[in-house]
Amino acid sequence: MPRPSRPPVIQPAPQPDKLPIGKENPWLAPLAGYTDLPFRRLCREYGAKCCVTEMVSAKGLAYASKDTWRILETDQYDTPLVVQLFGGEADCLGRAVAMLRDRGFVWFDLNMGCSVPKVARQGAGSAMLKDPDNALACARAMLREAGEGHVTFKLRLGINENQCNWLDTALRLEEAGAGLITLHPRTAKQGFGGEARWEELLKAKERLSVPVIASGDLFTAEDAMRCLEKTQADTVMYARGALTNPAIFADHMALAENRPKPQRTRQDLQDMIRRHMELISVYGDEENALFRLRSIVPRYVRSFPGIRRLRQSLCQCKSFSELDDILAAFMEAQDDPDTIPGPEATV
């Protein structure tokens with residue numbers, strides 16, 4: 001994929017008529033505060049076949065919030081791209097889709113899974129499962145503007161164990177014209193605790209006719225292969241697994257094609273970190289990139305010893321060349337210079 005040569009724009013690249021489905025087409029999940037344009041570009045370079053934006057507030061679009069529009073920054077290589085909206089009011093969501101369609105966006109997702117209190121208090125995210133009738137009204141308002149099949153829906157199992165109404169909701173969304181359903185098989189109350197109930201994904205495949213994307217506990221490409229085999233899901237959506245290792249998409253492609261996973265060195269890891277910083281600087285500036293590396297770099301090397309000292313060094317970093325020196329020294333200080341520790345299941 002070519003390296004970016006111009007600033008991001010709001011006008012999206014031409015979008016395909018269909019979204020990529022199939023085990024060889026892994027997706028990058030929407031993650032607030034993480035899946036911005038530079039990170040999406042990085043994941044695409046490693047093989048992500050479709051990316052979803054961070055959550056976009058429908059009300060923020062209606063009130064022309066600059067911060068909201070900034071989330072929608074894109075470029076000519078950022079395709080296929082799905083815009084994820086959140087909100088609890090049908091009229092507002094319909095207007096948001098209409099505004100985005102006028103800008104050239106084609107594919108949309110409604111977040112019905114986020115359990116963060118400030119989202120749930122608006123009747124949005126996972127709170128929509130409390131009122132399926134309103135959720136369906138919101139879905140129909142978006143579909144009227146986007147067209148049948150051009151809106152997808154990301155669900156959790158329900159609010160809690162006593163209110164697991166995801167299947168009835170999904171069936172109603174399918175009837176309304178949903179393009180596909182993504183299921184994170186945990187309840188809102190669980191957050192990211194416990195284990196994802198993959199057996200619910202198999203139930204989704206047995207009952208729904210639209211494609212089903214699996215989410216939850218996909219920390220490695222091997223996890224995804226097991227999930228696909230057990231659930232018969234159409235593809236997977238990586239979230240936390242991609243945050244700690246964007247190269248997970250290359251691993252996924254290899255396993256999906258019955259090839260050995262690429263063997264990566266610490267130099268490869270260092271190059272990936274540097275590439276992420278370059279992308280941030282291209283779409284912003286070097287100062288912003290150097291500020292953000294303080295939080296980004298540690299998550300890529302969180303399994304290594306010596307993170308506290310690394311954080312201290314990063315806080316003093318003033319240039320990319322200095323970053324290279326810091327990373328090189330950090331890698332050389334490891335006991336086994338040829339081994340990359342395995343991923344952790346937390347962010």
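In what follows, every heavy atom counts, from backbone to side chain, and hydrogens, waters and symmetry copies are set aside.
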Exercise. Within 45° of the ring axis of Phe192 and under 6.0 Å from its six-membered ring centre, is that where the NZ or CZ of Arg156 lies?
Worked result: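 Yes, Arg156 lies over the aromatic ring of Phe192.
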Exercise. Do we get Arg299 above Phe39's six-membered ring, with its NZ or CZ under 6.0 Å from the centre and within 45° of the axis?
Worked result: yes
Problem set entry | Side-chain hydrophobic cluster, 4.5 Å single linkage: members besides Val82 | Leu19, Ile21, Trp27, Val52, Val106, Trp107, Leu180, Ile213, Met237
side-chain hydrogen bond (donor to acceptor under 3.5 Å, both in side chains) partners for [X], two or more places apart:
| X | answer |
| --- | --- |
| Arg70 | Asp67 |
| Lys130 | none |
| Glu24 | none |
| Arg40 | Asp78 |

[X]: partners by ring-ring contact (aromatic ring centres under 6.0 Å, His included), with sequence neighbours left out:
| X | answer |
| --- | --- |
| Phe320 | none |
| Phe249 | Tyr238 |
| Phe105 | none |
| Phe330 | Phe304 |

Problem set entry | Exercise: identify the closest heavy-atom pair between Pro30 and Gln84 |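 The answer is CG-NE2, 3.3 Å.
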Exercise. Can you name the closest pair of heavy atoms from Leu228 and Asp234 and give their distance?
Worked result: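 Scanning both residues, the minimum pair turns out to be CD2-C, 4.4 Å.
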Exercise. Counting only N and O atoms by type, is there a donor-acceptor contact under 3.5 Å from the side chain of His252 to the main-chain atoms of Lys23?
Worked result: yes
Problem set entry | All pairs passing salt bridge (charged side-chain N to carboxylate O under 4.0 Å, His left out) where residues 158-178 contributes a residue, at least two apart | Asp133-Arg172, Glu161-Arg197
Problem set entry | Pairs meeting criterion side-chain hydrogen bond (donor to acceptor under 3.5 Å, both in side chains) with involvement of residues 88-99, two or more places apart | Lys59-Glu89
Listed pairs under 3.5 Å, donor-acceptor, residues 114-124 side chains, sequence neighbours left out:
residue	atom	partner	partner atom	Å
Gln122	NE2	Lys118	O	3.1

Exercise. Below 4.5 Å, heavy atoms only, C-beta onward: do Leu100 and Val97 meet side chain to side chain?
Worked result: no
